[in-house]
Amino acid sequence: MRRGSIIQLVLIGLVAGAIGTAVALLVPWLPTAAGKEADRIHFVYWFTTAIAIAVFSVVTAVLGYSILKFRAAPDDFEDGPPIHGHTTLEIVWTAIPAVLVTAISIVSAVVLAENGKAGPDPLLVKVTAQQFAWSFTYPNGRTYGSLTLEKGRSAKLDITSNDVIHSFWVPELSQKQDAVPGQHNTIVVTPTRTGTFPVICTELCGLGHAIMRSHVDILSQADYAKWVSQGGTASGPPGLAVFQQNGCGGCHTFTPAQASGKVGPDLDKLKQEAAKANRGSLDRFVQESIVNPSAYLEPGYPDAMPKIFGQQIPKAQLAQLVQYLVQGAR
Ligand code: CUA
């Protein structure tokens, strides 16, 4: 092979490598990681991307050089020379990808094993999905509509569902985990920076899937201790806590609870709607709508309200919720 050819091959390869590197680095493909596990997963991405750019450069160099050098003349309609394979070449182009793919699988396996380790004292949080809200139960038995974590302390999330399959995802924490009824799937997250990040459902789960969101607050050690000592954010009327725990705000607008869901009827207009429905006193109408939501459907809304609240919400809490809604309604 002539020296000129090698220089041309290397030049085309360098240009291709530069383009590949620019596309990888200049486009923000990944969110900024907020957890140790996410850092490891991002490492796997970049490791794989580096290999992909190297392969792309070599293939583009050979392809580009062949197109430039061995192009047939416009009036050349002859068959090309017959070629009977090249054993050495075939062994090389089988062995190199095999080595690369094995390297990727080893790195992935190590990351997967590391990401499963929760350390000696993880915070245990039960994550429950239901159409169309998340709830988070802490070891002290309290339940919240959003997740609160402590920077630097591993948390083990025990994820399940009350109805259909959902999927838990915080982009900055990088891991997705299915929420399956009757099954407990776990992931470990170890936050590395403070901030508020979205919790997103990534499994099509029904009418309200697109708005099935919550958030995670990652607090510093001091702020987290303060949050724990104050018993979390569940202050206010007892009915508000019931409203938040059952994820009502995922689907309904209700100004007193700062809820702005759009799947179900607007609870700010409860009084007008109750008058239109004409199904007895406001208390009875609200209770019936929670326990037996199909009994009366507000015109323009489908029969999408889960039918589980009658069993899910204890009687005393149901009374608190009804009272809270009736008092807050305009
Ligand atoms: Cu829950 Cu999608």
Side-chain angles (χ1 to χ4, degrees), residues 30-31 34-35 37-38 41 124-138 142-149 155-189 196-218 233-234 240-254 257-267 289-294 297-298 300-313 317 321:
L30 299 170
E37 296 75 16
I41 291 170
L124 297 169
V125 184
K126 287 187 184 136
V127 179
T128 308
Q130 70 183 49
Q131 290 170 321
F132 298 99
W134 297 100
S135 58
F136 304 91
T137 305
Y138 282 72
R142 283 177 183 262
T143 299
Y144 306 99
S146 66
L147 179 60
T148 305
L149 297 175
K156 195 166 190 175
L157 308 182
D158 179 337
I159 302 168
T160 190
S161 166
N162 281 342
D163 39 39
V164 300
I165 300 177
H166 306 265
S167 182
F168 176 90
W169 183 41
V170 176
E172 286 78 2
L173 298 175
S174 265
Q175 301 169 89
K176 286 180 180 171
Q177 184 59 274
D178 275 2
V180 183
Q183 199 172 309
H184 290 264
N185 296 334
T186 57
I187 55 170
V188 174
V189 295
T196 298
F197 309 105
V199 172
I200 300 170
C201 178
T202 57
E203 184 75 54
L204 184 60
C205 56
L207 201 65
H209 163 68
I211 49 102
M212 185 168 163
R213 284 170 177 240
S214 178
H215 62 268
V216 48
D217 290 307
I218 298 175
T233 47
L240 172 62
V242 184
F243 185 91
Q244 289 174 340
Q245 283 164 22
N246 290 283
C248 308
C251 295
H252 296 281
T253 293
F254 192 55
Q258 296 177 336
S260 57
K262 293 276 185 279
V263 174
D266 182 344
L267 299 180
S289 301
I290 297 168
V291 174
N292 184 14
S294 305
L297 296 179
E298 188 174 327
Y301 290 94
D303 189 7
M305 170 110 161
K307 315 286 182 280
I308 53 169
F309 294 119
Q311 298 114 55
Q312 183 173 303
I313 308 178
Q317 287 194 7
L321 178 60

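Counting starts at 1 for both ligands and their atoms, following the listed order.
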Name of whichever N/O/S atom of Glu203 is nearest to atom 2 (Cu) of ligand 1: O

For atom 2 (Cu) of ligand 1, what is the closest N, O or S atom on His209? ND1

Could you state the interatomic distance from CD (Glu37) to OG (Ser174), rounded to the nearest 0.5 Å? 9.5 Å

What are the two closest non-hydrogen atoms of Pro293 and Met305, and how far apart are they? CB-CG, 3.4 Å

Which angle, to 10 degrees, forms at atom 1 (Cu) of ligand 1 with SD of Met212 on one side and SG of Cys201 on the other? 110°

Kindly compute the distance separating CD (Gln177) from CD1 (Ile187), expressed to the nearest 0.5 Å. 6.5 Å

N/O/S of His166 less than 2.8 Å from atom 2 (Cu) of ligand 1? no

Shortest non-hydrogen contact from Tyr138 toward Val125: CE2-CG2, 3.9 Å

